[in-house]
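One structure is given below, encoded as structure tokens.
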Protein chains: 2
Amino acid sequence: MRMGEGVEWAAHACVLLSALPDGTGLPAAAIAAYHDVPPAYLAKHMQALARAGIVTSARGAAGGYRLARPPQEISLMQIADAVDGSEPAFRCTEIRQRGPCGAKPEECTKTCGIAAAFWAAERAYRRQLEGVSLAAIVASLTGRPDPGKFARVKAWLEQNANG
Amino acid sequence: MRMGEGVEWAAHACVLLSALPDGTGLPAAAIAAYHDVPPAYLAKHMQALARAGIVTSARGAAGGYRLARPPQEISLMQIADAVDGSEPAFRCTEIRQRGPCGAKPEECTKTCGIAAAFWAAERAYRRQLEGVSLAAIVASLTGRPDPGKFARVKAWLEQNANG
DNA sequence: GCTGTTATACTCGGATAGAAGATGTCCGAGTCTTAACGG
DNA sequence: CCGTTAAGACTCGGACATCTTCTATCCGAGTATAACAGC
């Protein structure tokens with residue numbers, strides 16, 4: 001079971017956007033340059049975030065991406081769903097209804113016990129990620145005292161932001 | 001994030017093996033016929049279960065697969081790990097160390113907050129699945145009163161088991 | 001009739017093709033800026 | 001000097017290749033069975 005690499009990129013991109021000055025936008029190319037990842041591919045994932053309503057996009061010369069909501073209202077689960085898809089990892093193909101001893105459809109009023117167990121685990125997974133907001137991630141990063149680094153990031157943002 | 005289809009097959013195969021009479025083995029072809037899935041492909045996943053020590057294999061005319069441990073000591077997590085691999089779904093590529101404002105390695109004593117959050121969610125997922133034993137799955141199936149079906153399965157097993 | 005041997009049938013195990021999804025890239029559609037131009 | 005307009009540059013958005021992983025299959029290695037010949 002592997003999660004797409006773009007989820008990591010999108011999460012870091014959202015962290016960066018959370019430090020963006022109000023009223024400005026950051027182009028996908030700038031986000032890619034900041035993280036040193038392929039610009040076109042990151043752009044693809046930014047589109048996914050925009051479709052999900054997590055970021056808003058502005059076209060044109062002074063365009064770019066910005067967060068659509070305050071970081072407190074954005075969870076890692078929403079980011080992962082937007083980029084990697086929200087369908088369950090475990091797919092039940094109703095094996096119990098197949099084969100020589102297969103159960104008839106009318107016998108299957110309750111979901112298969114195996115699928116139920118996996119889906120319960122996925123709910124625990126989702127509940128955990130829903131409880132982690134972007135703001136909490138940012139707080140864990142800036143918590144450690146390193147004013148020089150923080151100032152460098154701020155300067156880089158002001159140099160590359162549009163608007 | 002998608003889990004391999006073989007996990008479902010392997011889980012159902014283990015459920016079937018748990019009903020196998022003591023001292024007998026069930027060939028992979030018979031398991032595949034019971035579930036109506038491609039025999040050669042299921043055999044591949046049975047090999048994975050054997051490598052993980054969940055089932056034991058016996059070659060030869062009276063060979064086949066059987067559970068290596070009582071069903072109480074086999075969890076869905078072990079089956080999923082054996083078939084789908086046990087590496088974490090989220091892969092941290094240390095993006096924070098890349099790019100113009102990248103952190104230096106000596107600054108990264110603590111794991112990245114994003115990776116830590118995802119891995120914590122995966123731990124919740126694993127803890128949930130580790131708590132579901134094969135015996136519990138079997139109990140949830142046989143709990144519903146359907147003696148006829150149970151007898152049919154039993155008869156099919158005795159007809160197809162070796163040993 | 002009993003025993004040792006050999007042939008056989010049946011099983012698992014790993015090496016080998018094909019398909020699907022993830023990864024990576026490109027060019028067109030749309031929009032804001034900016035500068036030139038006319039009033 | 002100011003308003004209008006048109007060109008230009010920059011951005012996102014979706015369509016197009018490439019590549020790894022998952023899916024599916026086949027044939028060889030190994031073993032217990034069973035037949036068979038010899039004693």
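Quick caveat: nothing in here was measured; it's all calculated off a predicted structure. Labels below follow one simple rule: chain letters A, B, ... track the order of the sequence lines, proteins then strands, and each chain is numbered from 1.
- Using a 4.0 Å heavy-atom distance criterion, B/Ala58 is classed as a sugar-phosphate-only contact.
- We find that CE of B/Met1 is positioned 23 Å from P of C/dA20, with the value rounded to whole Å.
- Contact between the side-chain N/O atoms of B/Ser57 and the OP1/OP2 oxygens of C/dT11 is not found at any separation under 4.0 Å.
- Checking C/dG24, C/dT33, D/dA32 against every side-chain atom of A/Trp9, the shortest atom distance belongs to C/dG24.
- If A/Gly60 and A/Ala40 are placed on DNA chain C by their nearest nucleotide, the residue sitting closer to the 5' end is A/Ala40.
- In this structure, NE2 of A/His45 is placed 13 Å from C1' of C/dG21, rounded to the nearest angstrom.
- Side-chain contact between B/Tyr41 and B/Met46 is absent, with no heavy-atom pair separated by less than 4.5 Å.
- Between B/Ile31 and B/Trp9, every side-chain heavy-atom pair lies at or beyond the 4.5 Å cut-off.
- Using a 4.0 Å heavy-atom criterion, one finds that B/Ala43 contacts no nucleic acid atom at all.
- Contact annotation: A/Arg2 does not reach the phosphate of C/dG21 (side-chain N/O to OP1 or OP2, under 4.0 Å).
- A residue-by-residue look at A/Ala50 and B/Gly6 shows that A/Ala50 has its nearest nucleotide of DNA chain D further toward the 5' end.
- Comparing D/dT33, D/dG13, C/dC32 by their closest approach to the side chain of A/Ala61 singles out C/dC32.
- Atom pair A/Arg91:CZ and C/dA20:P shows a separation of 13 Å (rounding to whole Å applied).
- Rounded to an integer number of Å, the gap from CE of A/Met3 to P of D/dT21 is 17 Å.
- Counting only heavy atoms from C-beta on, B/Arg59 has its side chain closest to C/dC12 among C/dC12, D/dG14, D/dA32.
- Separating the CE atom of A/Met46 from the C1' atom of D/dT11 is a distance of 13 Å, rounded to the nearest angstrom.
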Listed pairs under 3.5 Å, donor-acceptor, residues 14-24 of chain A side chains, sequence neighbours left out:
residue, atom, partner, partner atom, Å
A/Ser18, OG, A/Val15, O, 2.5
A/Thr24, OG1, A/Pro21, O, 2.7

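- Just one residue in the list B/Leu129, B/Val132, B/Ile54, B/Asp84 forms a side-chain contact (heavy atoms from CB on, under 4.5 Å) with B/Ile79, and that residue is B/Ile54.
- Comparing D/dC26, C/dG14, D/dT23 by their nearest atom to the side chain of B/Gln47 picks out C/dG14.
- Counting non-hydrogen atoms under 4.0 angstrom, A/Gly25 reaches nothing in the nucleic acid.
- When the P atom of D/dC12 is taken as reference, atom CG of A/Leu17 falls 11 Å away, rounded to whole Å.
- Ring-plane geometry between B/Phe118 and B/Phe90 is classed as parallel, the angle between the planes falling under 30 degrees on a 0 to 90 degree scale with a further cut at 60.
- For C/dA19, the OP1/OP2 oxygens have no side-chain nitrogen or oxygen of B/Tyr41 closer than 4.0 Å.
- OP1 and OP2 of D/dC10 both lie 4.0 Å or more from every side-chain N or O belonging to A/Asn162.
- Rounded to an integer number of Å, the gap from NZ of B/Lys44 to C1' of D/dT23 is 9 Å.
- A donor and an acceptor atom, one from each side chain of A/Arg69 and A/Gln78, are located under 3.5 Å apart.
- The CG atom of B/Leu42 sits 13 Å away from the C1' atom of D/dT25 (whole-angstrom rounding).
- At a threshold of 4.0 angstrom between heavy atoms, the contacts of A/Arg66 with the nucleic acid are absent.
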